[in-house]
Enquirer: 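What follows is a structure written as structure tokens; I'll ask about it next.
In what follows, chains carry the letters A, B, and so on, assigned in the order in which the sequence lines appear, proteins first and then strands, with residues in each chain numbered from 1. Values reported hereafter were calculated over all heavy atoms of this structure, with side chains retained and with hydrogens, waters and symmetry mates removed.
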Number of protein chains: 2
Amino acid sequence: MNIVQEESRRDRKKLQRRALLIEIARRYIATKGLRSLKVRDVAEAAGCSIGSVYNEFGDFDGLILTVNRETVQALTARLKAVPADDPLRQLHGLADAYLGFATEHANLLRSLFEHRMEDDRPFPEDILAMVMDAFVLMHAPLVRLLPDRDLDDVALLSRMMFSAVHGIISLGLEERMVAVPPEKLRERLAQFVDTHLAGLGLTRKA
Amino acid sequence: MNIVQEESRRDRKKLQRRALLIEIARRYIATKGLRSLKVRDVAEAAGCSIGSVYNEFGDFDGLILTVNRETVQALTARLKAVPADDPLRQLHGLADAYLGFATEHANLLRSLFEHRMEDDRPFPEDILAMVMDAFVLMHAPLVRLLPDRDLDDVALLSRMMFSAVHGIISLGLEERMVAVPPEKLRERLAQFVDTHLAGLGLTRKA
DNA sequence: CTCAAAAATGAACATTGTTCAAGAAGAATC
DNA sequence: GATTCTTCTTGAACAATGTTCATTTTTGAG
């Protein structure tokens, strides 16, 4: 066997265990919250030593950030899957997709937005960019709906709308301070989007 | 001296130190974030032992929750100070007051919304009620503006609006994932409220 | 002043992130 | 296949930090 194959075999094994560690960490965060994540638990569940976790991710933040990175990627994928045929329908679809993801992965999304870095280390640029990528998805349909408005204006508008949706959902899903009852959330969110679009001078969805 | 006076003197001293501990903890949270808060630091800064902090607050969560309790009280006080003469102006005033408080006390507000209890202990009912009290403040002006709507409907509408404002502000103030540039935030927030009110069929502010 | 109750203390403990010297495993060379 | 060099793995030890509690100190009544 040549060198390339030898290397790829080792890499494959390494990648496999890396994926296992990530999967275990994600399960802890998803089921019991970020605070329940412990290096020792992850190592034990993966059948390796503590040190190996550090070899793979550098430090604890590295593991968390890796999970968060995959979370925002999954979120973005889901948002991008929303049909872009009709802009009004797309905006509703985006809000609904966000709600769906937040409902199914509440703790993962919380981990993404609430995790603070150790000390004062800066937040990784790539995750920041990915979150912005997701947030910007409301831009295109709004441009189609508001062709006469200044583009920068629409850009701010879309980010604002997404932030509002995010606020409604994240507070609405907090078990503790229930700002909006969960069962009503879906229809209310649609109503909110409608109202806001109407305020922008756009016809409500038929 | 009678018993009452003796007791009140001791109580005064006790209350004084309690206030000092709270003030120190609040300063740590406000300047460096919740994660920077350490029992030992607080005890040292207050000139007392670690055990005394525990005597006063039971545990670490107790100290944090006490600070959070005062944070939500301060927020509510500020929101209640908004003039209630004109409902449209009041709604704008509430949003602006929330933004002002969030700007000046970003870390304190984050501590209130992001703190998770140790283990799975339930979130204190009284703080929950206080947050709801604050959120419900948009209800009265909206009732005046929408007298024909169902009251439950308006209740949900007001909580939704507050959640949206909260989302715009909390994401907008995140230094990292800047959803809306800070300098634009104030005017954009006003614009958002305007747009939403217009969507509800209400005249924009003159 | 004496004494019992309350409060304060801080050493010791438990948990958990982190490091690193030593050993194991793998790859390369002959 | 043996040897050697590199890389990975290990887990004991360390550091930071929340928590407990037996001991000491302080307090206030009699």
Enquirer: Applying a 4.0 Å non-hydrogen cut-off, can you work out what A:Phe60 is touching in the nucleic acid: base, sugar-phosphate, or nothing?
Expert: sugar-phosphate
Enquirer: Regarding B:Thr76 and B:Asp133, is there a side-chain donor-to-acceptor distance under 3.5 Å anywhere?
Expert: no
Enquirer: Counting only side-chain heavy atoms from C-beta out, which of C:dT19, D:dG18, D:dT10 sits nearest to A:Asn55?
Expert: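 Of C:dT19, D:dG18, D:dT10, D:dT10 is nearest to the side chain of A:Asn55.
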Enquirer: Using whole Å, report how far CD of B:Glu56 lies from C1' of D:dT19.
Expert: 17 Å
Enquirer: In whole Å, what is the span from the CD1 atom of B:Ile50 to the P atom of C:dA14?
Expert: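 Whole-Å distance recorded here is 16 Å.
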Enquirer: What is the distance, rounded to the nearest whole Å, between atom CZ of A:Arg18 and atom C1' of D:dC8?
Expert: 15 Å
Enquirer: Tabulate atom names and distances for all N/O pairs under 3.5 angstrom spanning the protein and nucleotides 22-25 of chain C.
Expert:
none

Enquirer: Hey, what's the ring geometry for A:Phe101 with A:His105, parallel, tilted or perpendicular (30° and 60° as the breaks)?
Expert: tilted
Enquirer: Aromatic contact between B:His115 and B:Phe123, with the criterion being ring centroids under 6.0 Å apart: yes or no?
Expert: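 They do not qualify: ring centres at least 6.0 Å apart.
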Enquirer: Are B:Arg149 and B:Leu157 close enough that some pair of their side-chain heavy atoms sits under 4.5 Å apart?
Expert: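 The answer is yes; the side chains approach within 4.5 Å.
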Enquirer: At what distance, to the nearest 0.5 angstrom, does OG of B:Ser111 lie from CZ of B:Arg26?
Expert: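 Going from the OG atom of B:Ser111 to the CZ atom of B:Arg26 covers 11.0 Å.
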Enquirer: CZ of A:Arg186: more than 12 outside heavy atoms within 6.0 angstrom?
Expert: no
Enquirer: With salt bridge (charged side-chain N to carboxylate O under 4.0 Å, His left out) as the test, pick out the partner of B:Arg18 among B:Glu56, B:Glu23, B:Glu70.
Expert: B:Glu56
Enquirer: Which listed nucleotide (D:dT20, C:dT9, D:dT9) is nearest to the side chain of B:Ser52?
Expert: C:dT9
Enquirer: So how far is it from B:Asn68 CG to B:Leu34 CG, rounded to the nearest 0.5 Å?
Expert: 7.5 Å
Enquirer: How long is the line joining CD of B:Glu44 and P of D:dA16, in whole Å?
Expert: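 The distance from CD of B:Glu44 to P of D:dA16 comes to 14 Å, rounded to the nearest Å.
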Enquirer: Expressed as a whole number of angstroms, how long is the span from A:Glu118:CD to D:dA16:P?
Expert: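 Going from A:Glu118 (CD) to D:dA16 (P), I get 12 Å.
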Enquirer: Rounding to a whole Å, what distance do you find between A:Lys14:NZ and C:dG26:P?
Expert: 14 Å
Enquirer: Where along residues 28-43 of chain A does a heavy atom fall under 4.0 Å from DNA chain C?
Expert: A:Leu37, A:Lys38, A:Val39, A:Arg40
Enquirer: Under 6.0 Å between ring centres, would you say that holds for A:Tyr98 and A:Phe162?
Expert: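 A:Tyr98 vs A:Phe162: aromatic centres under 6.0 Å.
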Enquirer: How many Å lie between CZ on B:Phe57 and P on D:dT19, as a whole number?
Expert: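 Rounding to the nearest Å, CZ of B:Phe57 and P of D:dT19 are 13 Å apart.
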Enquirer: Let me know the distance between OH of A:Tyr54 and C1' of D:dA15, rounded to the nearest Å.
Expert: 12 Å
